[in-house]
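Have a look at the structure below before the remarks.
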Amino acid sequence: MEILKLSGAIVLLLGSLFLFLGALGVLRMPDSYNRIQAGTKATTLGTMLTMAGLGLLNPGWFPKLTVLIFFIIVTNPISSHLLANVMHALDIPVKLKGAGNPKGGK
């Protein structure tokens with residue numbers, strides 16, 4: 001039982017780390033398209049790991065959390081694709097490295 005709680009805590013910590021890195025990626029990326037990419041990839045994995053860790057800590061919750069994990073796997077890529085399509089339809093430009101800056105910086 002202690003191994004299960006320890007592994008649940010480790011998986012929960014890993015999920016929190018991925019969620020933090022996803023938030024950091026959203027802040028650091030230069031344009032909206034890259035922000036969607038960073039946010040979706042990291043938050044999908046981070047949320048799945050966090051819920052799996054909670055399921056290991058509370059085994060009675062595991063079936064419900066499994067349904068939520070499946071829902072996240074299906075809906076996160078669809079929502080990010082929809083956001084990218086809308087931004088493309090609104091002609092929101094992609095910020096290219098070095099564009100408009102002769103030194104090639106930000």
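Only this structure's heavy atoms are used, side chains among them; waters, hydrogens and symmetry mates stay out. FYI, the numbering just counts along the sequence from 1. Predicted model only: the values in this text are computed from it and were never measured.
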| query | Same cluster for Met87 and Leu82 if Ile/Leu/Val/Met/Phe/Trp/Tyr side chains link at under 4.5 Å? | reply | no
| Closest heavy-atom contact between Gly22 and Ala42? | CA-CB, 3.4 Å
| query | In terms of hydrophobic clusters joined by side-chain contacts under 4.5 Å, are Leu17 and Leu19 together? | reply | no
Which pairs would a plain distance check flag for residues 52-72, meaning a side-chain donor or acceptor within less than 3.5 Å of a matching protein atom at least two apart in sequence or in another chain?
unit_1, atom_1, unit_2, atom_2, d
Thr66, OG1, Phe62, O, 2.7

| request: Supply the atom-to-atom distance Thr43 OG1 to Met48 CE, rounded to the nearest 0.5 angstrom. | output: 10.5 Å
| query | Measuring from Ile78:CD1 to Leu83:CG, what's the distance to the nearest 0.5 Å? | reply | 12.5 Å
| task | Using atom types as modelled and distance alone, determine if a side-chain donor or acceptor of Tyr33 lies under 3.5 Å from a backbone N or O of Lys95. | result | no
| query | Which pairs, with at least one residue in residues 71-86 and sequence neighbours excluded, count as a side-chain hydrogen bond (donor to acceptor under 3.5 Å, both in side chains)? | reply | Thr44-Asn76, His81-Asn85
Pairs under 3.5 angstrom only: tabulate donor-acceptor contacts from the side chains of residues 4-13 to other protein residues two or more places apart or in another chain.
unit_1, atom_1, unit_2, atom_2, d
Ser7, OG, Ile3, O, 3.1
Ser7, OG, Leu4, O, 2.9

| Nearest-0.5 Å distance that lies between atom CE in Met29 and atom CD in Gln37 | 8.5 Å
